[in-house]
Engineer: 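The structure that follows is given in the form of structure tokens.
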Amino acid sequence: MQWRALVLGLVLLRLGLHGVLWLVFGLGPSLGFYQRFPLSFGFQRLRGPDGPESPASGPAGRPGTPGGPSGPSWLQPQVPGAAAGRRRAPRRPGPDVCGPGHWGYVLGGRGRGRDEYEKRYSGAFPPQLRAQMRDLARGMFVFGYDNYMAHAFPEDELNPIHCRGRGPDRGDPSNLNINDVLGNYSLTLVDALDTLAIMGNSSEFQKAVKLVINTVSFDKDSTVQVFEATIRVLGSLLSAHRIITDSKQPFGDMTIKDYDNELLHMARDLAVRLLPAFENTRTGIPYPRVNLKTGVPPDSNNETCTAGAGSLLVEFGILSRLLGDSTFEWVARRAVKALWNLRSNDTGLLGNVVNIQTGHWVGKQSGLGAGLDSFYEYLLKSYILFGEKEDLEMFNAVYKSIQNYLRRGREACNEGEGDPPLYVNVNMFNGQLMNTWIDSLQAFFPGLQVLIGDVEDAICLHAFYYAIWKRYGALPERYNWQLQAPDVLFYPLRPELVESTYLLYQATKNPFYLHVGMDILQSLEKYTKVKCGYATLHHVIDKSKEDRMESFFLSETCKYLYLLFDEENPVHKSGTRYMFTTEGHIVSVDAHLRESPWKEFFSEEGGRDPVGKSGHRPRPHELKVINSSSNCNRVPDERRYSLPLKSVYMRQIDQMVGLI
């Protein structure tokens, strides 16, 4: 009996100590929804990679502790190889997985009680409320689209505050923020085509397609970024073409009378105008910009970002396989391999800016956000679409490097000592921390993790970005996790957090993500809606606005919000497997895109140099004598990587996490 009394006394003593700490210092354990976390998260001032040491609270950061770190584990260098075996079978994403209750506390917010979060987030989401949110998301799209058509078309974008259109900045060619994107080709209309179809608006889709065919031309004296023109315009044209020509017509009758593949021909015309970017580069990595009339400008920059040069393969590959012309896929794949061959021999990481002539890394930062994000995404999605094994091999290798060098914190989200996982920005050559901020584009990564089945890590990382959203009602462009404050304060209506929310809901069917989507939808309505559309937030704290509605708001943000709440959408129910491009354009995953009669010309064994310095590129007429070598008869590994749309592997994941 004495030992029982002793144990009881120790337990009461510990509870009393926690109570004192909570009342006096605010350092008690967080009771937030989805998480139970130890005392060590009470830090407020952390030490940066080059800054002076600041006191940190809790065991992990206690100054003077022999051998103990001086800050959270995010600041500590990763032990090489420590995460090599981190990939594990996902576990049930239940109430013990990281959630906003914890992250709000880590980010400096006041602790919220368990009752508040559980009452708001863990309950069921009634069908009537879901229908209401679906209609609100549709209404958001319609309000933005109708105002664009009324006040801005045929210009590229809508200025929603002053209710007028916006095109390229002819007076200031150096205004790349505008001119990289706006090519004087009715960008917002083109970018929104497949959203109209997904929402079932056949009459407006047909009207919009005819407008694009009759009014849009790429014979323009516009200098645009190759990447932006590819993902926004080329990708949308291809997606809409596939919707029109789909014999099943799952979204309703989206056929166009007397349609003669005009959108496909327009896509080819645009791609041909982008091809000069791939010429006269010693590495095979394309120039970042081209003039649609004259080609690469004489004063063109020789530096480009990894994502911009290495995220063209999905759209260019689809175009090649629909046309039977290898040219487009060949140049895009050559660029990917050229970048891949420049990765660090020590870490396997890539930098974010490279010189296209010398192959020298100008930007040595390796992270998940701007400059690199869609490069990772398209390695995996290219494999899903085309079945080329080398794409999957590259993705698996770089994902392992990301886990080894970028991922900081403890191995499991809610197990073990230290801080929860976070992905940081490091030097590509040695894995050392370069700064203490993350950018909003990184919020796409949980969605990518869903595609490969790393659901638990995706849940935890998503919660971090959502906690930031909860604090500001938006996601600042750059957030400093050391200072616990935004570094760059604007929010241009980006879709990445919404995308990951949608994919995580499809993977888990947890109503928590419906509540997240409702929060995001209501924030957008409250803070960004203006007279003629939805405006960029200039400052996420004071909610001041900029007069711009970027095209991706209609093509991605509204689309993912709508699909999140539209459980009966054909995307989820038609039996067809779909994938979304990095601009949110929908593409069906089918055997036709896996037919590659020129496959042997892409292989190293075929004699082609990996960076394109030599070797033979097949011309269209040569393809006629090549035997077709379709991949579609072998066991399709892509089943494992089609998670968001209830494929075979999605059901396997559901079984593993105990949701079926």
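The shown structure was predicted, so the numbers you read here are calculated from the model rather than taken from an experiment. Residues: numbered from 1 along the sequence shown.
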Engineer: Would you list the pairs meeting ring pair (Phe, Tyr, Trp, His ring centres under 6.0 Å) in which at least one residue belongs to residues 264-298, sequence neighbours left out?
Structural biologist: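 Every pair satisfying ring pair (Phe, Tyr, Trp, His ring centres under 6.0 Å) with a residue in residues 264-298: Phe278-Phe316.
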
Engineer: Distance only, no hydrogens: is a donor on one side chain within 3.5 Å (strictly under) of an acceptor on the other, for Ser551 and Asp191?
Structural biologist: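 Short answer, yes.
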
Engineer: For Asn280, check side-chain hydrogen bond (donor to acceptor under 3.5 Å, both in side chains) against everything at least two apart and list the hits.
Structural biologist: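 Here no residue qualifies.
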
Engineer: For the residue pair Asn352 / Thr306, report whether a side-chain donor-acceptor contact shorter than 3.5 Å exists.
Structural biologist: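 There is no such pair between these side chains.
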
Engineer: Would you say that Thr581 contacts Ile231 through its side chain, given a criterion of any heavy-atom pair below 4.5 Å between the two side chains?
Structural biologist: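 Heavy-atom side-chain distance check fails, nothing below 4.5 Å.
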
Engineer: Establish, for the pair Arg166 and Phe153, whether the NZ or CZ atom is under 6.0 angstrom from the six-membered ring centre and no further than 45 degrees off its axis.
Structural biologist: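 Not flagged: Arg166 not positioned over aromatic ring of Phe153.
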
Engineer: Between Asn396 and Leu392, is a side-chain contact (heavy atoms from CB on, under 4.5 Å) present by the stated rule, with each step listed?
Structural biologist: CA-CA 6 Å; Asn396 284 337; Leu392 181 60; 3.7 Å; yes

Engineer: Partners of Ser344 by side-chain hydrogen bond (donor to acceptor under 3.5 Å, both in side chains), sequence neighbours excluded?
Structural biologist: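 Per chain and number, Ser344 pairs via side-chain hydrogen bond (donor to acceptor under 3.5 Å, both in side chains) with Thr347.
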
Engineer: Using the rule given for side-chain contact (heavy atoms from CB on, under 4.5 Å), can you reason through His360 versus Val354, listing the C-alpha separation, both sets of side-chain angles and the distance that settles it, and then say yes or no?
Structural biologist: CA-CA 6 Å; His360 172 71; Val354 67; over 6 Å; no

Engineer: Hey, is the main chain of Phe375 close enough, under 3.5 Å, to the side chain of Ser311 for a donor-acceptor pair?
Structural biologist: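 Present.
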
Engineer: Working to the nearest 0.5 Å, report the span between CD of Gln365 and CG of Leu433.
Structural biologist: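 Going from the CD atom of Gln365 to the CG atom of Leu433 covers 9.5 Å.
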
Engineer: Please check: side-chain N/O of Gln442 versus main-chain N/O of Asp439, any donor-acceptor pairing under 3.5 Å?
Structural biologist: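 Yes.
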
Engineer: Taking Leu554's backbone N and O only, do any of them form a donor-acceptor pair with Thr195's side chain (distance below 3.5 Å, no angle check)?
Structural biologist: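 Yes.
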
Engineer: With sequence neighbours left out, write down each residue that passes salt bridge (Lys or Arg N to Asp or Glu O under 4.0 Å) with Lys293, or none if nothing qualifies.
Structural biologist: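 Residues passing salt bridge (Lys or Arg N to Asp or Glu O under 4.0 Å) with Lys293: Asp219.
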
Engineer: Closer than 3.5 angstrom, by distance alone: can the side chain of Thr215 be matched with the main-chain N or O of Leu211 as a donor-acceptor pair?
Structural biologist: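 The answer is yes, because a donor-acceptor pair under 3.5 Å joins these two groups.
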
Engineer: With sequence neighbours left out, what residues match Glu556 under salt bridge (Lys or Arg N to Asp or Glu O under 4.0 Å)?
Structural biologist: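 Checked Glu556 against salt bridge (Lys or Arg N to Asp or Glu O under 4.0 Å); zero matches.
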
Engineer: Using the test side-chain hydrogen bond (donor to acceptor under 3.5 Å, both in side chains), find all partners of Tyr378 that sit at least two apart in sequence or belong to another chain.
Structural biologist: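 Glu315.
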
Engineer: What residues form a salt bridge (Lys or Arg N to Asp or Glu O under 4.0 Å) with Glu262, not counting sequence neighbours?
Structural biologist: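 For Glu262, no residue satisfies salt bridge (Lys or Arg N to Asp or Glu O under 4.0 Å) once neighbours in sequence are set aside.
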
Engineer: What pairs meet the salt bridge (Lys or Arg N to Asp or Glu O under 4.0 Å) rule with one or both residues in residues 360-384, with sequence neighbours excluded?
Structural biologist: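 Found Glu377-Lys381.
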
Engineer: Are any side-chain N or O atoms of Arg478 and backbone N or O atoms of Val488, one a donor and one an acceptor, separated by less than 3.5 Å?
Structural biologist: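 Side chain of Arg478 to backbone of Val488: no pair is present.
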
Engineer: Output the distance between atom OG1 (Thr283) and atom CZ (Arg334), rounded to the nearest 0.5 Å.
Structural biologist: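 So the gap between those two atoms works out to 8.0 Å.
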
Engineer: Does Leu319 reach the side chain of His241, with side-chain heavy atoms less than 4.5 Å apart?
Structural biologist: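 Counting from C-beta outward, Leu319 and His241 never come under 4.5 Å.
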
Engineer: Aromatic contact between Phe445 and Tyr423, with the criterion being ring centroids under 6.0 Å apart: yes or no?
Structural biologist: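 They qualify: ring centres under 6.0 Å apart.
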
Engineer: Locate the shortest heavy-atom distance separating Ala309 from Ile285; write the atom from each residue and the value.
Structural biologist: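 Reported closest heavy-atom pair: CB-CG2, 3.5 Å.
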
Engineer: Any donor-acceptor pair under 3.5 Å linking the side chain of Ser401 with the backbone of Leu349?
Structural biologist: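 Here the side-chain-to-backbone pair does not exist.
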
Engineer: How long is the straight-line distance from CG of Leu274 back to CD of Gln225, given to the nearest 0.5 Å?
Structural biologist: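 Rounded to the nearest 0.5 Å, the CD-CG separation comes out at 11.0 Å.
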
Engineer: Tell me whether Ser500 contacts the main-chain N or O of Ala443 through its side chain, where contact means a donor paired with an acceptor under 3.5 Å.
Structural biologist: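 Checked: pair present.
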
Engineer: Of all heavy-atom pairs between Leu193 and Ala208, which one has the smallest distance, and what is that distance?
Structural biologist: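 Scanning both residues completely, I find the closest heavy atoms to be CD2-CB, 3.6 Å.
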
Engineer: Thr582 and Ser374: side-chain donor and acceptor closer than 3.5 Å?
Structural biologist: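 Note: Thr582 and Ser374 side chains miss the donor-acceptor criterion.
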
Engineer: For side-chain contact (heavy atoms from CB on, under 4.5 Å), just list the numbers for Leu238 and Leu264, CA-CA rounded to whole Å, side-chain angles, deciding distance to a tenth of an Å, and then say yes or no.
Structural biologist: CA-CA 6 Å; Leu238 293 171; Leu264 182 60; 3.9 Å; yes

Engineer: Between the side chain of Ser236 and the main-chain N/O of Val190, is any donor-acceptor distance below 3.5 Å?
Structural biologist: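 It does hold such a pair.
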
Engineer: Which residues pass the side chain to side chain contact (heavy atoms under 4.5 Å, CB included) test with Asp169, sequence neighbours left out?
Structural biologist: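 If we apply the side chain to side chain contact (heavy atoms under 4.5 Å, CB included) test to Asp169, skipping adjacent residues, the hits are Asp172, Asn175, Ile178, Asn179.
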
Engineer: Quick check against the 3.5 Å criterion: does Lys559 have a side-chain atom that pairs as donor or acceptor with the backbone of Ser555?
Structural biologist: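 Yes; judged by distance alone, with no hydrogens or angles, the pair exists.
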
Engineer: How about Ser588 and Arg242: does a side-chain donor come under 3.5 Å of a side-chain acceptor?
Structural biologist: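 Result is yes, a qualifying pair exists.
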
Engineer: Show the numbers, then the answer: is there a side-chain contact (heavy atoms from CB on, under 4.5 Å) between Leu313 and Asp391?
Structural biologist: CA-CA 10 Å; Leu313 184 52; Asp391 296 332; 4.2 Å; yes

Engineer: Kindly state whether the ring of Tyr399 and the ring of Tyr376 have centres lying under 6.0 angstrom apart.
Structural biologist: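 Centroid separation for Tyr399 and Tyr376: 6.0 Å or greater.
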
Engineer: List the atom of Phe386, the atom of Ile318, and the distance in Å for their closest heavy-atom pair.
Structural biologist: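 Smallest interatomic distance, heavy atoms only, reads CZ-N, 3.5 Å.
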
Engineer: Can you measure from CD (Glu155) to OH (Tyr148) and round to the nearest 0.5 angstrom?
Structural biologist: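 Reported value, rounded in 0.5 Å steps: 8.0 Å.
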
Engineer: Under 3.5 Å, side chain of Gln357 to main-chain N/O of Arg282, donor-acceptor pair present?
Structural biologist: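 Yes, Gln357 side chain to Arg282 backbone: donor-acceptor pair under 3.5 Å.
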
Engineer: Please list all pairs meeting salt bridge (Lys or Arg N to Asp or Glu O under 4.0 Å) that have one or both residues in residues 179-190, counting only residues at least two apart or in different chains.
Structural biologist: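 Sorted pair list: Asp180-Arg289.
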
Engineer: Tell me, with the steps shown, if Arg321 and Glu388 meet salt bridge (charged side-chain N to carboxylate O under 4.0 Å, His left out).
Structural biologist: CA-CA 13 Å; Arg321 292 173 190 235; Glu388 301 292 346; 3.1 Å; yes

Engineer: What pair of heavy atoms forms the shortest contact from Pro288 to Thr304, and how long is it?
Structural biologist: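 Looks like CB-OG1, 3.8 Å.
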
Engineer: Verify the distance criterion only: is there a donor paired with an acceptor across the side chains of Asn184 and Asp156 at less than 3.5 Å?
Structural biologist: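 Their side chains do not contain a donor-acceptor pair, so the 3.5 Å distance test is not met.
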
Engineer: Can you spot which of Val290, Thr281, Asn291 makes a side chain to side chain contact (heavy atoms under 4.5 Å, CB included) with Val296?
Structural biologist: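 The side chain to side chain contact (heavy atoms under 4.5 Å, CB included) with Val296 is passed solely by Val290 among Val290, Thr281, Asn291.
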
Engineer: May I ask you to check whether Asp194 and His585 show a side-chain donor-acceptor distance below 3.5 Å?
Structural biologist: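 The answer is yes; a qualifying pair exists.
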
Engineer: Which atom pair, heavy atoms only, marks the closest approach of Ser222 to Arg170?
Structural biologist: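 Shortest heavy-atom separation between Ser222 and Arg170 comes out as OG-NH2, 3.4 Å.
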
Engineer: Holding to side-chain hydrogen bond (donor to acceptor under 3.5 Å, both in side chains), I want the full list of residues that pass it with Arg268, two or more places apart in sequence or in another chain.
Structural biologist: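 Result, side-chain hydrogen bond (donor to acceptor under 3.5 Å, both in side chains) vs Arg268: none returned.
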
Engineer: Just list the side-chain donor-acceptor pairs under 3.5 Å for residues 490-499, sequence neighbours left out, or say none.
Structural biologist:
unit_1	atom_1	unit_2	atom_2	d
Tyr491	OH	Arg494	N	3.4
Tyr491	OH	Arg494	O	2.9
Arg494	NE	Glu477	OE1	3.0
Arg494	NE	Glu477	OE2	3.2
Arg494	NH2	Glu477	OE2	2.8

